[in-house]
Amino acid sequence: MKKILIANRGEIAIRIMKTAHKMGIKTVAVYSEVDRNSPHIRYANEAVYIGESPSNQSYLLGDKIIETALELGVDAIHPGYGFLSENASFSEKVTKNGIIFIGPNAHAIRVMGSKLAAKKAVKNYDIPMVPGIDKAVTDVKEATQIAIKMGFPILIKASAGGGGKGMRVVEDEGNVADQMERAISEAESSFGDGSVFIEKYISSPRHIEIQIMADTHGNIIHLFERECSIQRRHQKVLEEAPSIILTPALREKMGQAAILVAKSCDYVGAGTVEFLLDDQNNFYFLEMNTRLQVEHPVTEFITGLDLVSLQIKIAKGEILNIKQEDIKMKGHAIELRVYAEDPLNDFLPSVGFLETYKPPSGNGIRVDDGFEEGMDIPIYYDPMLSKLISYGSTRSEAIQRMLFAIDNYHIKGVKTTLPFGKFVCQHEAFITGNFNTHFVKNYYSSKLLEGKMKENAKLAALIALKLYIEDKAQLRVATITS
Ligand code: ADP
């Protein structure tokens, strides 16, 4: 493998290119109109313009991307996450054109891309599932009957769902019709597929996912868990590894269940099996993501492995050269997704001009980003600016380093989730590990954050004043003695 095209943009394109270059592989970037000056272009050995800014006229143009790859003599395509990464026919077309797709085959993507098909596939593998139905419902009466039998609250979910969309919690009988209508219309507009099904709503779950790696020779390993319970709108904001709640025995049990899920669809490459864990430590299979996850760096920190390098080696057909028993977990890592969103205004996107952009650096701090000072944040794509990752020998060291990194991350021009990250890392519930997916609902409000921010600003001003007075006193002493 000599040349890879990265069918993506921003931080993940750069992250993939870094490993490719380390492995002596050349890279090709693709870019849209608005990304003409983006850093991911400069990181690549070659860059090709593929179309207008909206993603359906650029980053989602599978045929055009394959054409470009063929013209430039590319050996493999890495799709990153989002865009074409979970598009089965893209994976199929890439392969048909004699190019390696760095990811699973079309069959696995197809099965796991549909939550209903995934449930069917894992049915014979003795994997605990969230209680629910395994077929789509369209009739409100039928849905209401199912819900009554299951017991409220229930969750209406889009089969093609992703990013927390098309999901509706229903507390009682009277709301089934209304919420079902909404879920169907959201699923249709977001995924072009209005199939919805019903699941029992697990009342206070934690989101725990297992990273797996499978080669083309039938070897599958797991790289432990990531806890992603800190979410807003059912979407992750802060992730960590390991989870404070897992015992070695439960970790192993969930790891083995994840391997079975991978087996159920003949999985190849890097994948993530998501579970919900209830307050009795029962876990339930939620879904599988058939790509590299946004939050993969926390796994890289605690295992010392480069996940992109493993993906590339697997795509080349190499045998996994690490055995399950050789993988050791060391230390603790936390990732904060730095979104251009306003945590004081319901996490609404806050795109605009990056007047100041100065990321932190230091021991145990990693920043994966794709922006620079003076750039506009485009409205066309996901508003994630960067990922801030901290690592420490213990969880509390990782938290301290995260707090240090947040304080030393200077962004002006847009609002970000940095203050929210600080709020979480200073919160008693997070520090003690006593939290679940309802952290935001239970402990967070913009008023509380505003109060904290004022408190912090006052503290910073007092420290500055103290330093000023001390400096002045020293100056005076120096003048007297000289
Ligand atoms: P998506 O594919 O849209 O990301 P997921 O099925 O992965 O949807 O779920 C996203 C989040 O929604 C979970 O992390 C959890 O917080 C919540 N969730 C999903 N299913 C349930 C459920 N049955 N009970 C309670 N919460 C759930």
Side-chain angles (χ1 to χ4, degrees), residues 81-82 85-87 109 111-119 122 127-134 136-137 143 146-147 150-171 179 182-184 186-211 225-240 243 245 254 258 261 271-280 282-291 293-295 335 337 347 382 384 435-444:
Y81 55 72
S85 62
E86 288 172 291
N87 184 318
I109 301 179
V111 171
M112 292 300 160
S114 148
K115 292 187 205 289
L116 282 171
K119 276 177 192 277
V122 305
I127 294 154
M129 315 263 271
V130 181
I133 56 166
D134 55 8
V137 274
I146 295 166
M150 205 178 276
F152 289 94
I154 54 133
L155 191 61
I156 302 179
K157 246 181 174 180
S159 178
K165 289 199 186 98
M167 216 183 286
R168 296 269 155 186
V169 185
V170 187
E171 303 283 349
Q179 295 298 354
R182 284 175 194 220
I184 291 175
E186 203 172 306
E188 255 160 17
S189 66
S190 303
F191 316 110
D193 172 5
S195 318
V196 298
F197 63 101
I198 296 173
E199 235 171 45
K200 175 88 193 142
Y201 184 67
I202 311 286
S203 62
S204 308
R206 297 176 81 120
H207 175 118
I208 312 269
E209 59 186 33
I210 306 282
Q211 175 70 52
E225 80 280 7
R226 291 183 288 260
E227 162 131 30
C228 316
S229 300
I230 308 290
Q231 311 177 342
R232 47 101 184 77
R233 291 190 288 268
H234 301 302
Q235 267 188 308
K236 305 157 187 172
V237 197
L238 188 137
E239 303 100 337
E240 63 178 316
S243 161
I245 193 101
M254 293 180 78
V261 172
T272 296
V273 182
E274 297 188 338
F275 295 101
L276 288 182
L277 186 74
D278 71 12
D279 48 9
Q280 307 294 309
N282 299 304
F283 64 89
Y284 309 95
F285 170 63
L286 199 57
E287 65 162 352
M288 179 173 192
N289 290 324
T290 55
R291 53 170 161 81
Q293 295 280 90
V294 173
E295 58 272 24
E335 174 185 278
R337 298 188 188 193
F347 295 95
D382 185 78
M384 195 176 77
F435 60 93
N436 55 45
T437 55
H438 302 306
F439 180 92
V440 168
K441 190 177 84 190
N442 291 346
Y443 305 117
Y444 175 77

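One-based numbering, in listed order, for ligands and for the atoms of each.
Considering both main-chain and side-chain atoms, Tyr201 never comes within under 3.5 Å of ligand 1 through any nitrogen or oxygen pair. For a threshold of 3.5 Å applied to N or O pairs, the pair formed by Gly164 and ligand 1 contains at least one separation below that value. Polar contact check, Gly163 against ligand 1: a nitrogen or oxygen pair lies under 3.5 Å apart. Residue Ile202 has at least one nitrogen or oxygen atom sitting less than 3.5 Å from a nitrogen or oxygen atom of ligand 1, judged on distance alone.
Between the SG atom in Cys228 and the CD atom in Glu295 there is a gap of 4.5 Å [rounded to 0.5 Å]. For the atom pair Ile210 CD1 and Thr272 OG1, the distance stands at 9.5 Å (nearest 0.5 Å). In this structure, the separation between CD on Glu239 and CD1 on Ile208 is 12.0 Å, given to the nearest 0.5 Å. In this structure, Met129 CE and Asp134 CG are separated by 7.5 Å, a value rounded to the nearest 0.5 Å.
The part of His207 lying near ligand 1 is the side chain, judged by heavy-atom distances below 4.0 Å. With a heavy-atom cut-off of 4.0 Å, Gln235 does not touch ligand 1 at all.
Atoms of ligand 1 lying under 4.0 Å from at least one heavy atom of Thr437, given by number and element, are 16 (O). Interface of Glu287 with ligand 1, defined as ligand atoms under 4.0 Å from a residue heavy atom, comprises 1 (P), 2 (O), 4 (O), 5 (P), 7 (O). Within ligand 1, the atoms closer than 4.0 Å to a non-hydrogen atom of Lys200 are 22 (C), 23 (N), 24 (N), numbered from 1 in the order shown. Those atoms of ligand 1 that come under 4.0 Å of a heavy atom in Gly161, given as number and element, are 2 (O). Contact atoms of ligand 1 toward Glu274: 7 (O) (distance under 4.0 Å to a heavy atom of the residue).
Regarding atom 21 (C) of ligand 1, its nearest protein heavy-atom neighbour is Leu155 CD2, 3.2 Å. The closest protein non-hydrogen atom to atom 17 (C) of ligand 1 is His234 ND1, 3.7 Å. For atom 16 (O) of ligand 1, the nearest protein heavy atom (residue, atom name, distance) is Gln231 OE1, 2.7 Å. Lys115 NZ, 2.6 Å is the protein heavy atom nearest to atom 2 (O) of ligand 1.
Salt bridge annotation for Glu287-Lys157: absent, with no cationic side-chain nitrogen under 4.0 angstrom from a carboxylate oxygen. Here Glu186 pairs with Arg168 in a salt bridge; the nearest charged N to carboxylate O distance falls below 4.0 Å.
Under a 4.0 angstrom heavy-atom cut-off, Lys157 registers as being in contact with ligand 1. Ligand 1 lies within reach of Met167, whose nearest heavy atom is under 4.0 Å from it.
Of the options Ile198, Val130, Leu276, Ile154, the smallest heavy-atom separation from atom 27 (C) of ligand 1 is shown by Leu276.
Between Phe347 and Tyr444, the two ring planes are tilted [angle within 30° to 60°]. The aromatic rings of His438 and Tyr201 sit tilted, their planes meeting at an angle between 30° and 60°.
The backbone N or O of Glu86 lies less than 3.5 Å from no partner atom in the side chain of Arg291, so there is not a single donor-acceptor pair. Side-chain atoms of Lys115 do not come within 3.5 Å of backbone N or O of Ala158 as any donor-acceptor pair.
Each of Glu227, Gln293, Arg226 was checked for a side chain to side chain contact (heavy atoms under 4.5 Å, CB included) with Lys236, and the lone residue meeting it is Gln293.
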